[in-house]
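Below is one structure, written out as structure tokens; the observations come after it.
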Amino acid sequence: MPEGHTIHRLAQDYAAAFAGTAPRVTSPQGKFGDAAALLDRTLLHTADAHGKHLFLGFRDPDPDHTDWVHIHLGLFGKVAFGTPPAPPPADTVRLRLAGDTAYVDLRGPTTCALITPAEKRAIHARLGPDPLRPDADPDAAYARVRRSRTPVAALLMDQKVIAGVGNVYRAEVLFRHRIDPYRPGRDITPAEWDALWTDLVELMREGVRNNRIDTVRPEHTPEAMGRPPRVDDHGGEVYVYRRANLPCHVCGGEIRTAGLAARNLFWCPDCQKD
DNA sequence: CGACAATGAAAAA
DNA sequence: TTTTCCTTGTCGC
């Protein structure tokens, strides 16, 4: 269940469970077997996240010599933490860390690979600023947005432009700012970008805290409006994501959906008109 | 650009 | 049994 907030939360959780320890490292499914053997019972000293990329720092804390495990969940990679005793691992578990107080299983990731510090730097270099990283520079993202004719909804999904935003946050943040998802990036004003970025920082931080995405303002919550809470396996309260053909919480109009940048886009044509 | 493949699991049909 | 999914690299036109 991967959008930037999930990955940052995972970095926190991996660190809380294993930082400063030397867990058993195995790859029951096999694809990561050689690397796992190399890292088995070595120090896990840190966990880092940039956008949807997760990095576990093993063996040597010296930044020039750290062994990094690079993880990308892709569309349906999953991570499951548990307390010992760990069950016999199913053969879909790509990576298992197991210590005295916790174990964690990784299944179905697009990427799980041992990389060098130089390779890690290269990954950071090709990613745009991440609203969840304190060093992020929103102006660097806007510089790309303002010279592109691509729809803003596609730019928000482009990890080179801004890292960590996925299909939920893009739809929701555009709704919250009443921006037509098809508006070209070059027509986004500096003030609008500033507001979008600030909002993403807040929404995604809350996403990390709660481990789910909620975007509905207090005045539009189910309690405030006397409607039943959302029934959806994604959990959070949202305005438009996966609400095709349902009434808009604000204007009552019908939420629409369409393909954009290879994903399903959701928006309210009445509220999001330029 | 669009199509497609790659990983798993769970819901929908 | 098929579809769907909070992703993204690659390949073809």
Side-chain angles (χ1 to χ4, degrees), chain A residues 1-11 27-33 49-54 69-80 87 89-96 104-113 115 119 122-128 130-132 148-151 153-175 181-182 184-185 200 203-216 230-245 257-267:
Chain A
M1 344 146 113
E3 225 164 292
H5 71 298
T6 306
I7 309 307
H8 282 260
R9 174 60 178 258
L10 284 176
S27 180
Q29 177 241 30
K31 276 196 185 177
F32 193 66
H50 186 161
K52 300 163 189 169
H53 297 255
L54 174 64
V69 175
H70 173 215
I71 295 168
H72 195 296
L73 295 182
L75 187 50
F76 40 66
K78 284 190 176 49
V79 172
D91 57 9
T92 54
V93 175
R94 182 79 57 87
L95 171 67
R96 165 174 284 187
V104 57
D105 286 343
L106 168 68
R107 288 165 217 265
T110 288
T111 304
C112 175
I115 63 170
E119 289 169 321
I123 292 166
H124 288 297
R126 69 176 155 81
L127 290 173
D130 176 348
L132 287 172
S148 173
R149 281 166 305 168
T150 304
L155 291 169
L156 284 173
M157 298 277 282
D158 184 342
Q159 303 296 299
K160 297 188 295 297
V161 174
I162 179 170
V165 175
N167 205 18
V168 182
Y169 281 123
R170 78 149 169 191
E172 293 298 312
V173 82
L174 289 173
F175 178 90
Y182 290 96
L200 282 170
L203 287 174
M204 293 176 77
R205 279 190 189 154
E206 193 190 318
V208 174
R209 256 197 317 279
N210 301 335
N211 218 355
R212 62 179 232 177
I213 299 178
D214 292 280
T215 62
V216 172
R230 184 171 194 236
V231 182
D232 185 297
D233 53 349
H234 291 100
E237 287 295 336
V238 294
Y239 285 106
V240 293
Y241 177 69
R242 297 237 296 190
R243 295 197 64 249
N245 308 319
T257 184
L260 180 62
R263 317 302 311 287
N264 293 320
L265 171 69
F266 301 87
W267 81 105

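The structure displayed is predicted, hence computed values, not measured ones. Residue numbers start from 1 in every chain, and the chains themselves are labelled A, B, ... in the order their sequence lines are given, proteins ahead of strands.
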From CG of A:Asp91 across to C1' of B:dT7 the rounded distance in Å is 14 Å
Worksheet entry | Phosphate OP1/OP2 of B:dA6: any A:Arg107 side-chain N/O under 4.0 Å | no
Separation of C:dT7 atom P from A:Leu73 atom CG, nearest Å, is 10 Å
Just call it for A:Arg242: base, sugar-phosphate, or nothing, with non-hydrogen atoms closer than 4.0 Å on any strand. sugar-phosphate
Against the side chain of A:Asn167, the closest entry in C:dC5, C:dT7, B:dA9 is C:dT7
To the nearest angstrom, the CZ-C1' distance between A:Arg263 and C:dG9 comes to 14 Å
Could you tell me whether the phosphate oxygens of B:dG8, OP1 or OP2, come under 4.0 Å of any side-chain nitrogen or oxygen in A:Gln29? yes
query: If you measure from the P atom in B:dA9 to the same atom in C:dG9, how many Å do you get, rounded?
result: 23 Å
Check: Is any side-chain nitrogen or oxygen of A:Gln159 closer than 4.0 Å to OP1 or OP2 of C:dT7?
Finding: no
Testing C:dC5, C:dG9, C:dT8 for proximity to the side chain of A:His72, the answer is C:dT8
Minimal heavy-atom distance between A:Trp267 and A:Pro181, with the atoms involved, is CG-CG, 3.6 Å
Below 4.0 Å: OP1/OP2 of B:dT7 and any side-chain N or O of A:Thr92: no
Atom CG of A:Asn264 and atom P of C:dT3 are separated, to the nearest Å, by 14 Å
- Message: Main chain of A:Gly77, side chain of A:Arg107: is a donor-acceptor contact present, judged purely on distance under 3.5 Å?
- Response: no
A:Leu75 atom CG is separated from B:dA11 atom C1', nearest whole Å, by 15 Å
* Asked: Looking only at side-chain N and O atoms, does A:Lys31 come under 4.0 Å of OP1 or OP2 in B:dT7?
  -> yes
Taken to the nearest whole Å, CD1/A:Ile71 to C1'/B:dT7 is 14 Å
Here the distance between atom C1' of C:dT8 and atom CD1 of A:Ile123, to the nearest Å, is 13 Å
Quiz item: Are A:Leu200 and A:Val165 close enough that some pair of their side-chain heavy atoms sits under 4.5 Å apart?
Solution: yes
Between the CG atom in A:Asn264 and the CZ atom in A:Arg242, the distance rounded to the nearest 0.5 Å is 9.5 Å
Taking the P atom in each of B:dA5 and C:dC13, what is the distance between them to the nearest angstrom? 15 Å
Q.
What I'd like to find out is whether the side chain of A:His53 reaches to under 4.5 Å of the side chain of A:Ile123, using heavy atoms alone.
A. yes
A:Lys78 vs B:dA9: side-chain N/O to OP1/OP2 distance below 4.0 Å: no
Answer for the Watson-Crick or wobble partner of B:dA13, both distances under 3.5 Å, is none
Taken to the nearest whole Å, CG/A:Asp158 to C1'/C:dT7 is 13 Å
